[in-house]
Engineer: 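Below are the structure tokens for one structure; questions will follow.
Source: prediction; values computed, not measured.
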Amino acid sequence: CSLVFVVLLFAAVYCNFDFTHHQNGHELFVSLRDETQKIWVVFVEANPNADATLASQNKDVKSAVKNRLYNEDVFYTELDLSGDDQKELYKEFTDLTKLDTDLLEEGPTVVLVYDKKGYWIHGHGIPQETVDTIHAFIVQKEENDNRNQPISVGGSVKHPSSFESFGGGY
């Protein structure tokens, strides 16, 4: 009996739930709702069998996004909504994010969520816009961490423009 307890305790301590592995839109929705202190990046694509050009483009964009996410503290996951069954399984997620799945016929979309707020990005600027949005979320996260801290003003700015004269007008 005590051996079973030890095994269960070990499993509880060392086997964390991986929020990035989900089976349907409800599981992903629950993860986004409950894991508010993490930044989420959800790469969404549809790869119809007949369109090799779209599949290649999606692969290139996915690779570029993943390369840009290197060393970023985010939860990254992917959705392939190629079939009607997948679209139905993830309907709760696509409804929540107001994702226009028709756009997936042109290329992928990236959904970014932090603290129950988010955006989706579609188009050629996905890799850079993804990183820019993550950095904005990080700033917001740091501001939230400092919200209850006392105000601290460290002195004058060391920017070169602060040493220039106003010159009599603006």
Side-chain angles (χ1 to χ4, degrees), residues 16-48 51-83 86-154 157-161:
N16 296 324
F17 180 76
D18 185 355
F19 294 99
T20 61
H21 290 90
H22 39 80
Q23 301 301 314
N24 56 51
H26 180 71
E27 288 181 7
L28 186 53
F29 166 79
V30 169
S31 296
L32 294 173
R33 181 192 67 204
D34 293 347
E35 293 297 314
T36 58
Q37 294 308 307
K38 287 301 248 181
I39 297 170
W40 284 83
V41 178
V42 184
F43 187 89
V44 186
E45 63 184 324
N47 292 307
D51 195 344
T53 304
L54 178 62
S56 176
Q57 172 186 287
N58 288 348
K59 182 180 176 187
D60 291 346
V61 174
K62 183 189 307 182
S63 178
V65 167
K66 288 171 97 172
N67 285 338
R68 298 271 180 118
L69 293 180
Y70 188 72
N71 287 333
E72 298 290 351
D73 185 21
V74 299
F75 278 162
Y76 174 83
T77 190
E78 300 171 1
L79 293 180
D80 186 347
L81 301 180
S82 296
Q86 287 298 103
K87 287 180 185 175
E88 188 59 36
L89 271 175
Y90 284 92
K91 186 168 179 15
E92 188 172 355
F93 171 76
T94 56
D95 288 349
L96 170 74
T97 58
K98 298 176 180 59
L99 185 65
D100 184 353
T101 56
D102 291 338
L103 291 175
L104 298 176
E105 295 172 10
E106 302 169 8
T109 299
V110 172
V111 178
L112 297 122
V113 179
Y114 167 68
D115 198 19
K116 298 183 181 179
K117 297 175 195 76
Y119 310 93
W120 55 264
I121 303 167
H122 179 81
H124 294 287
I126 286 176
Q128 186 60 47
E129 286 184 48
T130 298
V131 171
D132 292 345
T133 303
I134 288 169
H135 290 167
F137 283 156
I138 290 170
V139 168
Q140 179 183 349
K141 194 174 186 179
E142 290 170 352
E143 288 174 355
N144 288 343
D145 292 343
N146 294 327
R147 182 170 286 155
N148 293 325
Q149 299 295 320
I151 296 173
S152 173
V153 179
V157 173
K158 304 295 189 244
H159 191 273
S161 66

Engineer: Working to the nearest 0.5 Å, report the span between CD of Gln128 and OG1 of Thr133.
Structural biologist: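 One finds 9.5 Å between CD of Gln128 and OG1 of Thr133.
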Engineer: Nearest 0.5 Å please: distance from the CD atom of Glu129 over to the CZ atom of Arg68.
Structural biologist: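 Going from CD on Glu129 over to CZ on Arg68, the span is 11.0 Å.
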Engineer: Any non-hydrogen side-chain atom of Leu81 less than 4.5 Å from a side-chain atom of Glu45?
Structural biologist: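 The answer is no; the side chains never approach within 4.5 Å.
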Engineer: Which heavy-atom pair separates Leu89 from Asn24 by the least distance, and what is that distance?
Structural biologist: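 Looking at all heavy atoms of both residues, the closest pair is O-CB, 3.6 Å.
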Engineer: Which one of Leu112, Thr94, Leu103, Val42 satisfies the side chain to side chain contact (heavy atoms under 4.5 Å, CB included) criterion with Trp120?
Structural biologist: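 For Trp120, the side chain to side chain contact (heavy atoms under 4.5 Å, CB included) check succeeds only for Leu103.
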Engineer: Are any side-chain N or O atoms of His122 and backbone N or O atoms of Pro108, one a donor and one an acceptor, separated by less than 3.5 Å?
Structural biologist: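 Indeed, once roles are kept as given, a pair shorter than 3.5 Å links the two residues.
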Engineer: Between Ser31 and His22, is there a side-chain donor-acceptor contact under 3.5 Å, judged purely by atom types and distance?
Structural biologist: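 On atom types as modelled, these side chains do not qualify, holding no pair under 3.5 Å.
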Engineer: Check Phe137 against Lys117 and note the closest heavy-atom contact, atom names and distance.
Structural biologist: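 Scanning both residues completely, I find the closest heavy atoms to be CZ-O, 4.1 Å.
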Engineer: side-chain contact (heavy atoms from CB on, under 4.5 Å) for Lys87 and Leu104? Distances and angles first, verdict last.
Structural biologist: CA-CA 11 Å; Lys87 287 180 185 175; Leu104 298 176; 5.9 Å; no
Engineer: Using modelled atom types and a 3.5 Å cut-off, is there a donor and acceptor pairing between side-chain atoms of Lys91 and backbone atoms of Gly25?
Structural biologist: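 Absent.
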Engineer: So how far is it from Glu35 CD to Trp40 CH2, rounded to the nearest 0.5 Å?
Structural biologist: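 Result: 6.5 Å between the selected atoms.
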Engineer: State which residue, out of Asp51, Asn47, Thr53, fulfils the side chain to side chain donor-acceptor pair (under 3.5 Å) condition with Asn58.
Structural biologist: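 With Asn58 as partner, Asp51, Asn47, Thr53 yield a single side chain to side chain donor-acceptor pair (under 3.5 Å), made by Asn47.
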Engineer: Do the non-hydrogen side-chain atoms of Ile138 and Glu72 ever get within less than 4.5 Å of each other?
Structural biologist: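 Result yes, sub-4.5 Å side-chain heavy-atom pair found.
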Engineer: For Phe29 and Phe93, run side-chain contact (heavy atoms from CB on, under 4.5 Å): C-alpha distance rounded to whole Å, both residues' side-chain angles, the deciding distance at 0.1 Å, then the answer.
Structural biologist: CA-CA 6 Å; Phe29 166 79; Phe93 171 76; 5.7 Å; no
Engineer: Apply the side chain to side chain contact (heavy atoms under 4.5 Å, CB included) test between Thr97 and each candidate in Leu99, Asp100, Asp95; give the one that qualifies.
Structural biologist: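 Running side chain to side chain contact (heavy atoms under 4.5 Å, CB included) over Leu99, Asp100, Asp95 with Thr97 returns exactly one hit, Leu99.
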Engineer: Using every non-hydrogen atom in the two residues, find where Glu105 and Leu54 come nearest and quote the distance to one decimal.
Structural biologist: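 Closest approach of Glu105 to Leu54: O-CD2, 3.6 Å.
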Engineer: Do side-chain atoms of Thr130 reach the backbone of Ile126 as a donor and acceptor pair under 3.5 angstrom?
Structural biologist: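 Yes; at least one donor-acceptor contact below 3.5 Å.
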Engineer: If we only count heavy atoms from C-beta on, is the Phe43 to Val61 side-chain gap below 4.5 Å?
Structural biologist: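 Sidechains of Val61 and Phe43: in contact.
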Engineer: Let me see the working for Val44 and Tyr90 under side-chain contact (heavy atoms from CB on, under 4.5 Å), right down to the final yes or no.
Structural biologist: CA-CA 11 Å; Val44 186; Tyr90 284 92; over 6 Å; no
Engineer: May I have the step-by-step check of side-chain contact (heavy atoms from CB on, under 4.5 Å) for Lys38 and Val113, ending in yes or no?
Structural biologist: CA-CA 8 Å; Lys38 287 301 248 181; Val113 179; over 6 Å; no
Engineer: Any side-chain heavy-atom pair from Val111 and Leu79 closer than 4.5 angstrom?
Structural biologist: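 Not touching, per the 4.5 Å side-chain cut-off.
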